[in-house]
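Keep in mind it's a predicted model, so treat the numbers as computed, not measured.
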Amino acid sequence: MIPRRTVLAGLAGLTVPAVSGCAGRQTAMRAPTTNQPTAAPAAAGLDAVIDLSHNVKVDDFAAVRRSNILAVVHKATEGGDWIDPSYAGRRHQAEAAGLLWGAYHFGTRQYAGSDQALAFLATARPGPKTLMALDFEPNDGNPRNTMTLAQGEAFVQTVYQATGRMPIVYTHPGWANGMPAGHRGIRLQQPVTSASLLARCDLWLADHREQPDLPFAWADRGWRLWQYAGNQTEGDGAYGDTSRTVAGVSHCDRNLFAGDAPALYQYWNSRA
């Protein structure tokens, strides 16, 4: 566990105007299990972003880049006391191979949202061009340890206070809309609305169907990233006979970016 005083010391003196919201993995990220579609994703976008965690075996990031992948988002932390052991080493390797880099945090209920954000920032060490993301989804393995909306908003506000930038939010449409999720049928106590601080963040949509739904809170903005397929390997293609596997890694989640390659670089670099 990261000592809180060490993390807090690194962020001392940072202040910004308060922003208000509506409240007063274990494994690699995944979307709800659905029937596998039979065609390519319907929405237009650039298929050049993957997300990884320590559960993925990485052999060669140069091979990843040669597979027309431009960006990697890697798990950094979970809750307030777990660090992905592969994060730091892989960041250096990926950036050396010419890949854009991002870091995500899997939110839980065990720690305050602000403390989780501090732990994330201490581990992710985001540079001006590092994409930061909050994985806001049900904790199906331990439902009582699922991050609440208030904790998610506290996480976002703390990251904003420390960096001046909002993280992108990864979530499922049903979960954000307050629908039951997972084997236990857990749900948010209140859905994410357009008044929530989370809705001020760009959306990383998790929906493995051919035609994705948008959470109500992002209906007017759309998604910035769409995770359309998960855990892709040679033997597990998402769309018919088309393989979505990526050279250099054992498996990965695939994501579309809402734009072309120049727009992707501009978006990542504009985080500065």
Side-chain angles (χ1 to χ4, degrees), residues 28-31 40-76 84 86-105 124-135 163 165-171 201-208 212 221-234 236-239 242-272:
M29 291 186 284
R30 62 192 184 280
L46 180 68
D47 195 356
V49 182
I50 62 173
D51 60 88
L52 308 172
S53 76
H54 70 290
N55 291 311
V56 176
K57 184 177 182 292
V58 177
D59 294 318
D60 185 2
F61 275 115
V64 172
R65 180 62 188 88
R66 290 194 297 271
S67 297
N68 295 318
I69 299 300
L70 302 180
V72 174
V73 186
H74 201 288
K75 185 172 186 176
D84 190 310
S86 59
Y87 174 84
R90 288 180 178 177
R91 177 181 186 173
H92 174 75
Q93 296 166 8
E95 291 180 334
L99 290 159
L100 299 170
W101 185 255
Y104 79 84
H105 172 80
R125 300 188 178 278
K129 298 179 182 179
T130 303
L131 186 77
M132 298 176 291
L134 170 62
D135 183 354
T163 67
R165 295 181 284 143
M166 302 287 258
I168 193 169
V169 172
Y170 171 97
T171 196
C201 303
D202 286 339
L203 174 64
W204 183 355
L205 179 65
D207 193 337
H208 294 180
R221 296 181 56 189
W223 50 269
R224 182 69 65 172
L225 290 174
W226 169 28
Q227 187 190 84
Y228 70 88
N231 296 327
Q232 291 302 288
T233 67
E234 288 285 358
D236 184 25
Y239 295 98
T242 302
S243 174
R244 301 297 190 210
T245 190
V246 173
V249 296
S250 60
H251 61 283
C252 64
D253 300 334
R254 300 297 303 262
N255 303 271
L256 295 184
F257 172 77
D260 56 14
L264 174 66
Y265 279 104
Q266 182 179 15
Y267 178 71
W268 231 269
N269 294 336
S270 70
R271 316 307 287 178

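A pairwise comparison of heavy atoms in C201 and V169 identifies CB-CG2, 3.7 Å as the closest pair. A pairwise comparison of heavy atoms in A48 and N68 identifies CB-O, 3.6 Å as the closest pair. Between A71 and L99 the shortest heavy-atom distance is N-CD2, 4.1 Å.
The OG atom of S86 lies 8.5 Å from the CG atom of L52; values are rounded to the nearest 0.5 Å. How far CG of L46 is from CG of L225: 10.0 Å, rounded to the nearest 0.5 Å. Annotation: the span from L203 atom CG to I168 atom CD1 amounts to 7.0 Å, rounded to 0.5 Å. Residue L70 holds its CG atom at 9.0 Å from CH2 of W268, rounded to the nearest 0.5 Å. To the nearest 0.5 Å, the span separating CG on D260 from OH on Y265 amounts to 11.5 Å. Atoms OG1 and NE2, on T245 and H251 in that order, are 10.0 Å from each other to the nearest 0.5 Å.
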**Q.** Worked verdict on L256 versus W223 for side chain to side chain contact (heavy atoms under 4.5 Å, CB included)
**A.** CA-CA 10 Å; L256 295 184; W223 50 269; 4.0 Å; yes
**Q.** Stepwise side chain to side chain contact (heavy atoms under 4.5 Å, CB included) test for Y170 and D51
**A.** CA-CA 11 Å; Y170 171 97; D51 60 88; 5.6 Å; no
Q: Kindly indicate, with the supporting measurements, whether the criterion side chain to side chain contact (heavy atoms under 4.5 Å, CB included) is fulfilled by R224 and N255.
A: CA-CA 10 Å; R224 182 69 65 172; N255 303 271; over 6 Å; no
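Not a single donor-acceptor pair under 3.5 Å links the side chain of R91 to the backbone N or O of A103. In this structure a side-chain-to-backbone donor-acceptor pair under 3.5 Å is present from T163 to R165. Checked by atom type and distance alone, the side chain of Y87 pairs as donor or acceptor with a backbone atom of A124 at under 3.5 Å. In this structure, the side chain of R90 engages the main chain of S53 through a donor-acceptor pair within 3.5 Å. W226 contributes a side-chain N or O that, together with a main-chain N or O of D207, makes up a donor-acceptor pair within less than 3.5 Å.
Note: W101 and H74 have parallel aromatic rings, judged against thresholds of 30 and 60 degrees for the angle between ring planes.
In this structure, V249 and V72 have side chains that are not in contact, with every pair of non-hydrogen atoms separated by 4.5 Å or more. At least one side-chain heavy atom of Y267 sits less than 4.5 Å from a side-chain heavy atom of L131. Between D202 and R221 the shortest side-chain heavy-atom distance falls below 4.5 Å.
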